Amino acid sequence: MKSVASAPGKVILFGEHFVVYGIKTVLCSIDKRITATSQIIDEKKIKIKSDIGNVEISTDSLSTPDRSMDVMKPFLYIAKKALEKSGKNVGIEIKIDSEIPAGIGLGSSSACCVAVAASVMGLFEKLPKEEVLKIAIEAERTIFENTSGADCSVCTFGGLMEYNMKNGFKKINSKANFDLVIANSKQAHFTSEVVENVRRFRENNEDLFASFCDQESILIQNALVSLEKNDLESLGLLMSKNQDLLERINISTENLAFLIREAKKTSFGAKITGAGGGGCIIALVDKSNLEKTLSNLKAHSECFSAKIDFNGLVYTRE
Ligand code: MEV
């Protein structure tokens, strides 16, 4: 029997970083997925095959993995949890296939944690999405202790949502009809490092950071109204204003700022998405300016268009 699960990547429309300090974020999942396929094997090993590497480890060594396996920690955590919960003395083979490049701010790490949690736990028992989410967040915390949990939430439930650390997620039932152009700066980044830099910035600039949080909150209230009305012109302007705040907390780079300036020439608005310090920018478009924005950005970067995914996590046993 194979247990197959796929979870979408995500973009953050508003509120990255500020969400870690209690502010609401608005995000959506996108139509690019990660699929995890697991099966039970007789050999007492966990075997992982993925684009970011292949790993084999004895089930007896799961509590003490080698440092070279650090990137695989979330998946080893999930495998250990599944074996403990089921009480079975078996091995597990996990294959991960991704349409989302790693480390570019599109939620590949969260989507992987969600897909692997659903697939591996599903070998023994099909869990409700709420429980998959809980395990996925625990797994992601093995490599990124301070995650707000926003990314895993949207990768699990899909669609457009608001999220805050206190109350979790709330679906946004908007008729918003937009496309996004996503451009990759090709600058690698590590979310946990960028989040740590922002923590230091806040420590040294407490009042300023508090005023940015207030501004971000107001901006998000307005964005929710624009989403409700599907008013893309005002939504785009708000995204560009959000970018100004992200620049003030030093998570932009020259390359990202350049791509955003270019994107703003033809789209409704543009900003970094996710941690920043590299990774991707998103530009808000509809049918009227999608092609123009794509061809404009293609001249400077690797880019593609994406739509909102409304399915979230999908999992089955074959
Ligand atoms: C990363 O996609 C989003 C951040 O806000 C971190 C988090 O929410 O965990 C930068």
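All of these numbers come straight from a predicted model, not from anything done at the bench. Every number for a ligand or one of its atoms is a count from 1 in the order of the listing. Quick note: numbers below take in every heavy atom, side chains included, and nothing from hydrogens, waters or symmetry partners.
- Partners of Phe258 under the ring pair (Phe, Tyr, Trp, His ring centres under 6.0 Å) rule, at least two apart in sequence or in another chain, are His300.
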Practice problem: Go through the steps for Ser109 and Glu140 under the test side-chain hydrogen bond (donor to acceptor under 3.5 Å, both in side chains), then give the verdict. | Solution: CA-CA 8 Å; Ser109 152; Glu140 192 163 43; 2.7 Å; yes
Could you list each nitrogen or oxygen of ligand 1 that sits under 3.5 Å from a protein nitrogen or oxygen, with the atom names and the distance?
unit_1, atom_1, unit_2, atom_2, d
ligand 1, 2 (O), Lys10, NZ, 3.1
ligand 1, 2 (O), Asp151, OD2, 2.7
ligand 1, 5 (O), His17, N, 2.9
ligand 1, 8 (O), Ser148, OG, 2.6
ligand 1, 9 (O), Thr147, OG1, 3.3
ligand 1, 9 (O), Ser148, N, 2.8
ligand 1, 9 (O), Ser148, OG, 3.3

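- Annotation: ring pair (Phe, Tyr, Trp, His ring centres under 6.0 Å) contacts involving residues 194-249, sequence neighbours excluded, comprise Phe18-Phe209, Tyr21-Phe209.
- Judged by distance alone, with hydrogens and angles left aside, the side-chain atoms of Lys307 form no donor-acceptor pair with the main-chain N or O of Leu180 at under 3.5 Å.
- Salt bridge Arg141/Glu138: absent, no basic N to carboxylate O contact under 4.0 Å.
- The side chain to side chain contact (heavy atoms under 4.5 Å, CB included) test applied to Ser6 returns Arg33, Thr35, Val314, not counting sequence neighbours.
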